[in-house]
Amino acid sequence: MATQENKTILKVEGMTCNHCKMSVEKFVGRIDGVKSVTATPNENKVEIEGDADIKAIKETIEKLGYRVG
C-alpha cells in the first residue's frame, strides 16, 4: 500500500475482468470520504482519492471476494 496526499494505492488480487473493476469502483465509491476510485485488474491495483477510512475500504474489497495485499 502506498499513500500520498489523499491518494492511496492498494494491491488487490483476484480481479480478472471489467465486471470486477466495476464492482470494486461502485462499492468503494460509496464509502464516505472517497472522492474517486479506479480499479485496474491487469495491474492488480486500486487507486483511491479522498480521506476515507482505509480499514473500511479494505473490508469492502474483501467482502467482494478479492484479496488486499
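Rounding to the nearest 0.5 angstrom, the gap separating the NZ atom in Lys7 from the CG atom in Asp51 is 15.5 Å. Put simply, CD1 on Ile61 and CG on Leu10 are 5.5 Å apart, with the number rounded to the nearest 0.5 Å. The distance from atom CD1 of Ile57 to atom CD1 of Ile31, rounded to the nearest 0.5 Å, is 5.0 Å. The CD atom of Glu47 sits 4.5 Å away from atom CD1 of Ile9, with the distance rounded to the nearest 0.5 Å. Here the OH-OG1 distance, from Tyr66 to Thr16, works out to 7.0 Å after rounding to the nearest 0.5 Å.
Listed by first then second residue, pairs satisfying salt bridge (charged side-chain N to carboxylate O under 4.0 Å, His left out) with a partner in residues 59-69 read Glu13-Arg67, not counting sequence neighbours. Among residue pairs with one or both ends in residues 27-44, those qualifying as salt bridge (charged side-chain N to carboxylate O under 4.0 Å, His left out) are Glu43-Lys45; sequence neighbours excluded.
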Just list the side-chain donor-acceptor pairs under 3.5 Å for residues 18-29, sequence neighbours left out, or say none.
| unit_1 | atom_1 | unit_2 | atom_2 | d |
| --- | --- | --- | --- | --- |
| Lys21 | NZ | Glu25 | OE2 | 2.8 |
| Lys21 | NZ | Ala39 | O | 3.0 |
| Ser23 | OG | His19 | O | 3.1 |
| Glu25 | OE2 | Ala39 | N | 2.9 |

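Within the 4.5 Å cutoff, side-chain heavy atoms of Val46 are placed close to those of Val37.
Every residue two or more places apart in sequence or in another chain that forms a side chain to side chain contact (heavy atoms under 4.5 Å, CB included) with Asp53 is listed here: Lys55, Ala56.
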